[in-house]
Number of protein chains: 2
Amino acid sequence: MDDRFPEARAAGNPNIGDVARAAGVSTATVSRALSQPDLVSAKARDAVLKAVAETGYKMNLAARNLRLRQTGGIVVLVPHLSNPFFSAILSGIAGIASQAGLNMLVADTREAAGADRRIAGYLHNNSADGLIVLDGNLPDNFDGGGRNRPPVVFACEWVEGHDQLSVTVDNRHGAVLAVNHLIGLGHRRIGHVMGPPDNILTQRRLAGARDAMAAAGLNADPRWFFNANFTLASGIAAARSWLALDERPSGIFCSSDAMACGFMSELNRHGVRVPDDVSVVGFDDIDIAEHFIPALTTIRQPRHRIGETAAEMLLALMRGDATKSAARDGGEKSTVLPVELIVRGSTAAPPIA
Amino acid sequence: MDDRFPEARAAGNPNIGDVARAAGVSTATVSRALSQPDLVSAKARDAVLKAVAETGYKMNLAARNLRLRQTGGIVVLVPHLSNPFFSAILSGIAGIASQAGLNMLVADTREAAGADRRIAGYLHNNSADGLIVLDGNLPDNFDGGGRNRPPVVFACEWVEGHDQLSVTVDNRHGAVLAVNHLIGLGHRRIGHVMGPPDNILTQRRLAGARDAMAAAGLNADPRWFFNANFTLASGIAAARSWLALDERPSGIFCSSDAMACGFMSELNRHGVRVPDDVSVVGFDDIDIAEHFIPALTTIRQPRHRIGETAAEMLLALMRGDATKSAARDGGEKSTVLPVELIVRGSTAAPPIA
DNA sequence: ATGGCTGTTGTAATCGATTACATTCCGGCT
DNA sequence: AGCCGGAATGTAATCGATTACAACAGCCAT
């Protein structure tokens, strides 16, 4: 009847039936030999394996997924694909997913054209068996989707209030480490370049910075808290604000390495020297941090490990195909990975005022 | 019979039959209303659309792909997922692919565990309708796969000899621009930090650099050509080699920005100043280049555009489901995108010897 | 020897969407 | 009136793998 593909079969692409014929067994036996070898006799198993090798059989995943009512893939929602901070995390996820035979689909949540619709699709949809979300500021329709949403794990960022599983780092503690480092060097006037205000990471790091200052009895002048948005460009803008101040903080904690680099870059253009004139601490420990001039003192996040952990958690959730809460009781729970202060050349004792 | 999923249907996930029932038409009409609206009457079409909205129907892609003998996705083979140079390209690909309703699968060809097997799978396999390869050094079994391989487009790197379609930049010309810039500033001793020797980009850029030097009648001292591998770390090693020279080139063209940054970073540690003591030119124009200290003079590659172009080319290839050569005659052909010299602070006239 | 048991294999239903072919309907033409 | 052609729709086969159930063989115990 329907043969628009006269060549397709002829050209190759053997199916399970071809293998069965070649091995002299039924398709059921082939299927079992490949996915549950214990169920078939050694003789049949060998025959099937041989037939597979001879025919060059590759399983058709669409058929398998249809039958199993699954999709064979996980979706990763990332705010900015081109941001190197995320690519290391992606790499971690990819490794685990590929070991588990799962495809990793990457979707940029901040893509211009019709992003909203597309994201909603991924959420509500049957297009993924699991979801890893790296973006804590998804559109509102996030949870409106429907009850049969795939398991979700948040990584790095998360949505407050939702009791989703997540893999994060101790952002508050990282900020405390950063500020205490500056204090330990003798700084008394400390500033902070913040991320976007609605971002959960911004809030946690800000809280940590505030706490550390308060604990040391330091005055947290509101003019020393610069609004920015994690990008290089916003770090540059913060540097301009810093330059315009009457009384300048001698130590600056930036909520991202990108901002710290932008900040230092702009200061350099204006002849201000780091760390001689001002000390700078970043957050993330991106690749370039170690090799920036000066090398950036920063808070290291285990980015690759974050991705791996999130993927492992998601797999556990997917395997125990129970409801979220049940799986949780079963063992999976949110993980907070440690951060680490990496001292490099961008910090020193404050200049003698 | 087989009902391991008693809840699945009940829980929701309407199928095309449910929609048909709700709309009072047959499944054939639903299918046509959704994918070939011109074939059904306005009345039926509206009824179907209404039923879709009511039931919250989402098409099952596995079923569609099975029937259409396709996979609904394209695979991107990238050498190092965590390398920011590639993530911008990925972002370009992702945008085009998502517009076309295709999933983008990302696979890291340099992943530790069993990478070879996995890659071969992607190639020979029915796991993708198309393939974009960003790695010019794939394992040898690349073309041995079989005749029913999906369409392939190379981007950035490519395999010499294979007459595959590709999207590249004019690497040779970029190198000429870089070296001529140094020559124009008055440099007479020019060095080159190279990429890995088996890499096609290394070879093209090296050729361009050599040609430009020869054209200006400059001596290309072999000791001024440093072996490296595009990474930050290898740029640092190159800097050490440079420091160890008796007679040092006053201008250095690095085959990647990452190496240029590593190079400058290491020189800085040894008190050598850029551009006062030595001028440095990079290649790529990665994000940090503009904000490095000093800002890096470099050759800009349109990374996002490279990704978009490759994706568009692949789509054209996939649509015209003809053989590679036929599609080529039909219009698609390899594209070479232009590069651009971006002059910044890392280059200046040579010091008075 | 008969019944029960385990281990292995085959038959055929099933997942959900697409589409070839058949059917129906209706207006226009001879 | 009868026939033709085109538009709209329905019926059912199909894609390829999985697996419930049935069938059967071999073995032990009663």
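All chains are named by letter (A, B, ...) in the order of the sequence lines, taking the proteins before the strands, and each is independently numbered beginning at 1.
- Qualifying side chain to side chain contact (heavy atoms under 4.5 Å, CB included) partners for Thr55(B), counting only residues two or more places apart in sequence or in other chains: Pro14(B), Val19(B), Ala22(B), Tyr57(B).
- The interatomic distance linking Gln70(A) (CD) with dC15(C) (P) rounds to 16 Å, in whole Å.
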Might you list the N or O atoms of the protein lying below 3.5 Å from N or O atoms in nucleotides 8-11 of chain C, with each pair's distance?
{"residue": "dT9(C)", "atom": "OP1", "partner": "Ser41(A)", "partner atom": "OG", "Å": "2.8"}
{"residue": "dT9(C)", "atom": "OP2", "partner": "Ser41(A)", "partner atom": "N", "Å": "3.0"}
{"residue": "dT9(C)", "atom": "OP2", "partner": "Ser41(A)", "partner atom": "OG", "Å": "3.4"}
{"residue": "dG10(C)", "atom": "OP2", "partner": "Ser26(A)", "partner atom": "N", "Å": "2.9"}
{"residue": "dG10(C)", "atom": "OP2", "partner": "Ser26(A)", "partner atom": "OG", "Å": "3.0"}
{"residue": "dG10(C)", "atom": "OP2", "partner": "Thr29(A)", "partner atom": "OG1", "Å": "2.6"}
{"residue": "dG10(C)", "atom": "N7", "partner": "Arg32(A)", "partner atom": "NH2", "Å": "3.0"}
{"residue": "dG10(C)", "atom": "O6", "partner": "Arg32(A)", "partner atom": "NH1", "Å": "3.4"}
{"residue": "dG10(C)", "atom": "O6", "partner": "Arg32(A)", "partner atom": "NH2", "Å": "3.4"}

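- Remark: C1' of dA17(D) and CZ of Arg69(A) are 15 Å apart, rounded to the nearest angstrom.
- Regarding Asn15(B), its CG atom lies at a distance of 9 Å from the C1' atom of dC15(C), rounded to whole Å.
- At the phosphate of dT19(D), OP1 or OP2 sits under 4.0 Å from a side-chain N or O atom of Gln36(A).
- Distance from the side chain of Ala63(A) is smallest to dA17(D) among dC15(D), dA17(D), dG16(C).
- Distance Lys58(A) NZ to dA17(D) P: 13 Å, rounded to the nearest Å.
- Distance CG (Asn65(B)) to C1' (dG16(D)): 13 Å, rounded to an integer number of Å.
- For the residue pair Asn65(A)/Thr71(A), the side-chain donor-acceptor check at 3.5 Å is not satisfied.
- Taking every side-chain heavy atom of Ile16(A) into account, dA17(D) is the closest of dC15(D), dA17(C), dA17(D).
- Among residues at least two apart or in separate chains, salt bridge (Lys or Arg N to Asp or Glu O under 4.0 Å) pairs with a member in residues 30-57 of chain B are Lys50(B)-Glu54(B).
- Residues satisfying the side chain to side chain contact (heavy atoms under 4.5 Å, CB included) criterion with Ala310(A), sequence neighbours excluded, are Ile132(A), Val153(A), Ala155(A), Val167(A).
- In this structure, Arg64(A) atom CZ and dA17(D) atom P are separated by 10 Å, rounded to whole Å.
- Taking CG of Leu131(A) as the reference point, atom CD1 of Ile74(A) lies at 9.0 Å (rounded to 0.5 Å).
- With dT18(C), dT19(D), dA17(C) as the choices, the nucleotide that has an atom nearest any side-chain atom of Leu68(B) turns out to be dT18(C).
- Under the side chain to side chain contact (heavy atoms under 4.5 Å, CB included) criterion, Thr27(B) pairs with Ile16(B), Ala20(B), not counting sequence neighbours.
- In this entry the distance linking CG of Leu61(B) with C1' of dC15(D) reads 15 Å, nearest Å.
- Atom P of nucleotide dC15(C) and atom CE of Met59(B) are separated by 18 Å, given to the nearest angstrom.
- Look at Tyr57(B) and you'll find a side-chain N or O under 4.0 angstrom from OP1 or OP2 of dA17(C).
- Summary of helix geometry: the two end axes of the helix from dA1(C)-dT30(D) to dT30(C)-dA1(D), each defined by five base pairs via their C1' atoms, are inclined to each other by 60° (rounded to 10°).
- Looking only at distances, no side-chain donor or acceptor of Asp129(A) sits under 3.5 Å from a matching main-chain atom of Gln70(A).
- Under the side chain to side chain contact (heavy atoms under 4.5 Å, CB included) criterion, Ala47(A) pairs with Ala23(A), sequence neighbours left out.
- By the salt bridge (charged side-chain N to carboxylate O under 4.0 Å, His left out) test, Arg305(B) is found to be paired with Glu308(B), Glu312(B), residues two or more places apart in sequence or in another chain being considered.
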